[in-house]
Amino acid sequence: MPSTIETMQESNIKVESISANVPIIEIDKLNVYSKGSHLLKNISTVIPKNKITVLLGPSGCGKTTLLKCLNRLTDLYPELKVKGSIRIDGEDIFDSGKDITTIRQKMGLLLQRPYPLPMSIYENIAYGLKLKGVRNKKIISEKVEKHLREVALWDEVKDRLKTSAQRLSIGQQQRLCLARGLAVEPEIILADEPSSALDPISSRVIEEEFIKLKSDYTIILVTHILRQAKRLADNVIFMYYGEIVESGPAEQIFENPQSEILKEYLKVGH
Amino acid sequence: MTFRRKYEEKFFRGLSFLFTAIIVFVLVQIIWTIAKKGVPSLSWQIVSQEPKGGYYFGKEGGILNAIAGSFYLAVSATVLAFVISLPVALFMNIYLIKYQRLLIGIRFFLDVLWGVPSIVYGAFGFTLLMYLGYRNSLGAGVVTVAAMITPIMIRAMDEVLKTIPIGLQEASYALGSTKTETAYKIFFREALPGFATAILLAFGRGIGDAASVLFTAGYTDYVPRSFSEPTATLPLAIFFQLSSPIEEVQNRAYAAAVILTLIVLVLSISARMLKPKK
Ligand SMILES: Nc1ncnc2c1ncn2[C@@H]1O[C@H](COP(=O)(O)OP(=O)(O)O)[C@@H](O)[C@H]1O
Ligand SMILES: [Mg+2]
């Protein structure tokens, strides 16, 4: 029966075209309020797997807040009220029955400034592994080396793994923080202007790293540097005053912006 | 500048200088008096022997009973206070951070406790002792002094923990730490250098205080061998021996004063030097 074969072929094609853009994060009607102000307004969007999605927008538009919603770091700020839903791999992260620590381990976080843990370089990476229950010293050592190599830090620190991570340069610390996040084997990397405190060489290393990591991880990058966004983005979400103004594939956003605000932003940005 | 403002400036600068000079003068006088009377009586015998023939009448012997007693007491009380203060300070900065109002209340309460005169702690310790039917002892002194220095230690640790950047906390949670792990694995290590200052501060207050041990620790000629025995302490060694009519005994009091002053001085200087450089 040719008709069934046809439908099978059709559905195969469909499955493929979907899997190229599988949403890993679905945000639905997300609102964040703090005392008098409405910080995020009705954010609904999906973030596809194994792509770099850039959150773009001027300072204060809510990029960091949106990023912190994704791994519920908003819990740390009692003044923030979060409404709406965020699903990661289909699971609602605000579901009170879910263990927040396992949800958070799905995501590696890079902040504007590196915050190495107050321990040695080695322990900084081993820390997350131990939380996951890895006890075998050999496995831990292998992972430490693997992830330090991954961020091009191994050769610089291999002779002083036992020294305090806080003595590294800022650029090295940021790469260590990336390695530390990768060691817990997340699916997603959340990066909040990760190169804003770095020298040009370290920020180039981080950028190159992101391009390499893209095949294995979903990356959400906050930036207000337009050139960085153009170099890295597959998809762009442009925000302004707590709202998503426009979002879509990078070419479309950069080559064919629709809204006046985005056109203006692209003109004055650099 | 008008004439008036110039005059004003001169007047207030003069005033500040005057009072500073008075303070320095008084301080130097105190140290000088203690040193003049105490330093000549310092000897190996004074620091290495227990008093002979009773601390009040005996002309021979030293104040080893008080030196050792004070150290036992202050060290034990500091350890006990630390064991209590650490979880409280961490609890305040990890779990209660959401309840800023409550935190302000707790900090205020602790600051009030800090200001309560130590004789009140002494009276409290004494009442507790009577109630439980124990006698004056090193153990009772330890508990009383620990109660007195615990608020100091909690607040000192709290001030250190308050300075830890929120970013470090976010980094810890992002890696999947629970609150307890964040407290004891991250905050504790980050704050450790600052905690050293808190410990020295509390120790210094504990070793120098007379009123809290007056009713609780007792006094004896011997170095205590257990927590249930009474113990001499340096502040009380000064207090009791100074009132003796015998000059040799009085000199022992001055020697005790010199030693106590030196200990407190060394402690506060090291506490200052340990302060994390920011
Ligand atoms: N914890 C908070 N409480 C109150 N207001 C906040 C808090 N965090 C951020 N905001 C406010 O939310 C807005 C968006 O901030 P943010 O997300 O940091 O912007 P961006 O990262 O795009 O620069 C700002 O106006 C900021 O002042
Ligand atoms: Mg930001």
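All chains are named by letter (A, B, ...) in the order of the sequence lines, taking the proteins before the strands, and each is independently numbered beginning at 1.
Nearest approach of A171(B) to Y115(A), heavy atoms of both residues: CB-O, 4.1 Å. Heavy-atom minimum distance, I186(B) versus P118(A): O-CG, 3.4 Å.
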- Would L111(A) and E170(B) count as a side-chain contact (heavy atoms from CB on, under 4.5 Å) if you check the C-alpha gap in whole Å, the side-chain angles of each, and the deciding distance to 0.1 Å? CA-CA 9 Å; L111(A) 295 164; E170(B) 290 182 348; 3.6 Å; yes
- Dump the intermediate steps for side-chain contact (heavy atoms from CB on, under 4.5 Å) on S172(B) and Y127(A), then the final yes or no. CA-CA 10 Å; S172(B) 169; Y127(A) 180 81; 4.2 Å; yes
- Mind running side-chain contact (heavy atoms from CB on, under 4.5 Å) on L73(A) and Q169(B) for me, showing each step along the way? CA-CA 10 Å; L73(A) 283 180; Q169(B) 206 172 341; over 6 Å; no
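For the pair N71(A) and Y173(B), the minimum side-chain heavy-atom distance is 4.5 Å or more. Contact check for L131(A) versus E181(B): side-chain heavy atoms found under the 4.5 Å cut-off.
Within the 4.5 angstrom heavy-atom criterion, only side-chain atoms of Q166(A), from C-beta onward, approach chain B. For K68(A), the part sitting under 4.5 Å from any heavy atom of chain B is the side chain, from C-beta outward, and nothing else. With a 4.5 Å cut-off on non-hydrogen atoms, R180(A) touches chain B through its backbone and its side chain both. Only the backbone of P116(A) comes within contact range of chain B, judged by heavy atoms closer than 4.5 Å. Heavy atoms of Q100(B) lying under 4.5 Å from chain A are absent altogether. Proximity to chain A (any heavy atom under 4.5 Å) is restricted, for I166(B), to the side chain, taken from C-beta onward.
Within 6.0 Å of CZ in F124(B) there are 12 or fewer heavy atoms belonging to other residues, nucleotides or ligands.
Ionic pairing of E123(A) and R189(B) is present here: one or more N-O contacts between side-chain nitrogen and carboxylate oxygen are shorter than 4.0 angstrom.
A donor-acceptor pair under 3.5 Å is absent between the side-chain atoms of E190(B) and the main chain of L117(A), judged by distance alone.
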